Amino acid sequence: SIITDKERIHILYTTGVSKKILCLKEKDNKEKFDTFYKKQFFETALNYAKNLKYDKKKLSEISKLHAEHLYKKGDYEKSIEQYKATINYLDPSYVIQKFLDGSKLNYLIEYLEALQNNEEFKKTCVPERLTDFTALLLNCYIKQKKIKELKDFVESKNINDEVTIKTAIEVCKDTNKTDLALSIAQKAKMADSYIQILMDIKNDFAESLDFIKKLPDIEQKFNLLIKYGEKFIEKKDVIDDAMKVILSLVDEIINIRNNSNPKDDDEKRIKKLNYEKIISIFITKESEVKLENLLDKIMLKDKDCPKQIILRRIELYVDKYVEGKMGSTDVVDKIREILTNEKFKDKLDKNYLLMLFKISGFNQGVTELSKIMELDQDLLQIYMETHEYKKINIACDAIMKKYEGKEKKVNYWLQALNYYISISTQSTKSYLGEFIIEVLDHLSKSTEEDFSPMILLDILDKARSNHES
């Protein structure tokens, strides 16, 4: 017979002439699981835990114990299956360490693929770690010569999964799979990576340039030329082809600028497609001629040429003068052509140019600019400093005529007389006389409104005193 209570089951039975009682007590869950583990009944333990509706974390702990048991037995295939069940709960590094040995890489690949296919894991994993796991998977593909699997993996990813694609490219580069890296970059339309591989690894600048030239998107073409243009310019064997691509790009930009509508998106594009960025790639002296041609093209064709372009062109002319590659008269002619061009009239910072000419010792440029800017006093001072006596008198005459009928604050003939007398005391050059006589002649025709005769007498008296002393 069987008698039950809350905790036990009592079984009464007879064996021969003797009567016995068997008492059965149900073990608690902890004891049950300990028994399952001890007897290696892992599947039973897992099913029992599921019946008890244990959470996933508890289930993963059972899978981990099962996986380790199988691993010790050398059954790596079944072991990795159990480890896959621990994803999201067991640190992947724990599993990876166990399968890094060359003979176990295929099982590691299986586990790493499971990580990549687990959306919950990818959402919660730190991006840097996920990238590391991706790189490890790709390295394993290459070590196991699973190139098809690598390609399939990359192509299965969304084209916007830039991290995965970049990781694949870097792994291929690091393992000398350059052509595969190029193929991945090209299929993913990652032009920057494609160009970088061609230039830095294959040293194929011509192919890189041809690739950029064929790009349909002007902004992408622009950005790549800005990034790699300096390297193209430095290469003598491709510099001419590079200039053709750059000039073609500039033509496109000019066309956009000349036909832009301020109300549409062209305004934003113009700000991005900046001439100054293109100019910045011409940093060597050897590329100066190419830069000059580029600037000339922009100044000629762009209806609203930016002032930075004009100033840079003038600076290059001044550089040629300073370096002795161009005579001052030729430079002045070229700069005058720019300064007097109505198209550029309101775009030039003449004060900056005046400072540039002075710093560079380009006196003829200072003179010319002073004329254009009507800096009468500066112009006269230049002639005095360079002792150009004839020009002093011509300048005085022109300035005084300009002010005829107007209120004059300065009598420039008096300044000229002061100058001649000051140097005549230190020089015996007889030909100064004719210039002084001309000055006195003009002063004699002046009225008292122009200057006081007493000032003239004072100047002459000082001159006599200096001679006597």
Side-chain angles (χ1 to χ4, degrees), residues 229-230 233-234 239-240 243 246-247 250 254 274-399 402 412 419:
E230 188 180 325
I233 297 299
E234 289 174 351
I239 185 171
D240 289 335
M243 281 307 301
I246 291 171
L247 290 172
V250 168
I254 291 172
N274 193 312
Y275 288 138
E276 288 181 76
K277 290 182 179 179
I278 298 177
I279 292 172
S280 69
I281 69 179
F282 296 86
I283 61 172
T284 63
K285 277 292 178 185
E286 292 75 14
S287 64
E288 252 187 24
V289 174
K290 305 291 185 185
L291 176 57
E292 289 170 359
N293 293 337
L294 176 65
L295 295 173
D296 288 340
K297 182 186 189 77
I298 296 171
M299 289 171 65
L300 178 65
K301 292 189 173 184
D302 194 315
K303 294 177 182 177
D304 188 26
C305 182
K307 66 179 181 180
Q308 292 86 352
I309 298 297
I310 307 165
L311 290 174
R312 185 71 186 105
R313 188 64 185 97
I314 293 174
E315 286 172 350
L316 287 176
Y317 279 129
V318 175
D319 288 345
K320 281 186 173 292
Y321 164 76
V322 172
E323 293 164 6
K325 295 178 180 178
M326 201 170 178
S328 61
T329 302
D330 293 333
V331 172
V332 166
D333 289 343
K334 291 291 185 182
I335 293 178
R336 185 191 297 116
E337 188 178 329
I338 296 172
L339 294 175
T340 56
N341 191 322
E342 285 296 319
K343 181 179 175 182
F344 309 135
K345 188 175 180 181
D346 299 323
K347 293 179 176 289
L348 295 168
D349 184 346
K350 295 185 177 66
N351 289 316
Y352 167 77
L353 290 177
L354 195 61
M355 179 186 70
L356 172 67
F357 295 163
K358 287 180 178 179
I359 291 173
S360 304
F362 183 35
N363 293 329
Q364 199 168 340
V366 175
T367 302
E368 188 63 31
L369 190 55
S370 296
K371 288 179 182 177
I372 293 171
M373 295 175 68
E374 297 186 344
L375 301 174
D376 301 329
Q377 187 64 60
D378 289 38
L379 185 62
L380 193 57
Q381 189 63 37
I382 291 167
Y383 291 148
M384 289 177 178
E385 288 174 358
T386 53
H387 305 296
E388 297 179 78
Y389 311 124
K390 187 173 183 179
K391 289 183 178 180
I392 291 172
N393 286 13
I394 292 173
C396 285
D397 188 47
I399 295 168
K402 183 172 68 174
Y412 291 92
Y419 163 74

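Being a predicted model, the structure only gives us computed values, none of them experimental.
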For [X], check salt bridge (charged side-chain N to carboxylate O under 4.0 Å, His left out) against everything at least two apart and list the hits.
X      : answer
Lys390 : none
Lys290 : Asp240
Glu286 : none

Worksheet entry | Salt bridge present between Asp330 and Lys320 (N-O < 4.0 angstrom) |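 Between Lys320 and Asp330 there is no salt bridge, as every charged N stays at least 4.0 Å from the carboxylate O atoms.
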Item to complete: Using the test ring pair (Phe, Tyr, Trp, His ring centres under 6.0 Å), find all partners of Phe362 that sit at least two apart in sequence or belong to another chain.
Response: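 Residues passing ring pair (Phe, Tyr, Trp, His ring centres under 6.0 Å) with Phe362: Tyr321, Phe357.
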List for me each residue that meets side-chain hydrogen bond (donor to acceptor under 3.5 Å, both in side chains) alongside [X], sequence neighbours excluded, and say none if there are none.
X      : answer
Asn351 : none
Thr367 : none
Glu234 : none
Asp349 : none

May I ask you to test the [X]-[Y] pair for a side-chain heavy-atom distance under 4.5 Å?
X      : Y      : result
Asp302 : Lys297 : no
Glu337 : Asn341 : no
Ile279 : Leu295 : yes
Lys350 : Leu375 : no
Leu353 : Leu339 : yes
Leu247 : Asn293 : no
Ile246 : Phe282 : yes

Item to complete: Please list all pairs passing the salt bridge (charged side-chain N to carboxylate O under 4.0 Å, His left out) test where one or both residues lie in residues 360-375, with sequence neighbours left out.
Response: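 Those involving residues 360-375 are Arg336-Glu368.
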When rounded to the nearest 0.5 angstrom, what is the spacing between [atom1] in [X] and [atom2] in [Y]?
X      : Y      : atom1 : atom2 : value
Leu380 : Tyr412 : CG    : OH    : 7.5 Å
Glu323 : Lys285 : CD    : NZ    : 3.5 Å
Leu294 : Ile309 : CG    : CD1   : 7.0 Å
His387 : Ile392 : NE2   : CD1   : 8.5 Å

Worksheet item: Would you say Lys303 has more than 12 foreign heavy atoms packed within less than 6.0 Å of its NZ?
Response: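 Counting other residues, nucleotides and ligands, NZ of Lys303 stays at 12 neighbours or fewer.
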Item to complete: Please indicate whether Lys347 has more than 12 foreign heavy atoms, meaning atoms of other residues, nucleotides or ligands, lying under 6.0 Å from its NZ.
Response: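 Counting other residues, nucleotides and ligands, NZ of Lys347 exceeds 12 neighbours.
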Tell me which donor-acceptor pairs under 3.5 Å the side chains of residues 310-319 have, and how far apart each pair is, sequence neighbours excluded?
residue : atom : partner : partner atom : Å
Arg312  : NH1  : Glu315  : OE1          : 3.4
Arg313  : NE   : Asp296  : OD1          : 2.7
Arg313  : NH2  : Tyr317  : OH           : 3.3
Glu315  : OE2  : Tyr352  : OH           : 2.4

Practice prompt. Mark yes or no for whether Lys343, through its side chain, and Met299, through its backbone, hold a donor-acceptor pair below 3.5 Å.
Written response: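 Yes, because the side chain of Lys343 sits within donor-acceptor range (under 3.5 Å) of the backbone of Met299.
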Discussion item. Between Met243 and Ile233, is the side-chain contact (heavy atoms from CB on, under 4.5 Å) condition met? List the steps.
Written reply: CA-CA 8 Å; Met243 281 307 301; Ile233 297 299; 4.1 Å; yes
Practice prompt. Please list, chain by chain and in numerical order, all residues satisfying side chain to side chain contact (heavy atoms under 4.5 Å, CB included) with Glu276, sequence neighbours excluded.
Written response: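 Checked Glu276 against side chain to side chain contact (heavy atoms under 4.5 Å, CB included); matches are Asn274, Gln308.
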Item to complete: Hey, could you give me each pair passing ring pair (Phe, Tyr, Trp, His ring centres under 6.0 Å) that has a residue in residues 326-350? Not counting sequence neighbours.
Response: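 As it turns out, there is no ring pair (Phe, Tyr, Trp, His ring centres under 6.0 Å) pair with a partner in residues 326-350 once direct neighbours are skipped.
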Practice prompt. Evaluate the criterion side-chain contact (heavy atoms from CB on, under 4.5 Å) for residue pair Asp378 and Met373; output intermediate values, then yes/no.
Written response: CA-CA 10 Å; Asp378 289 38; Met373 295 175 68; over 6 Å; no
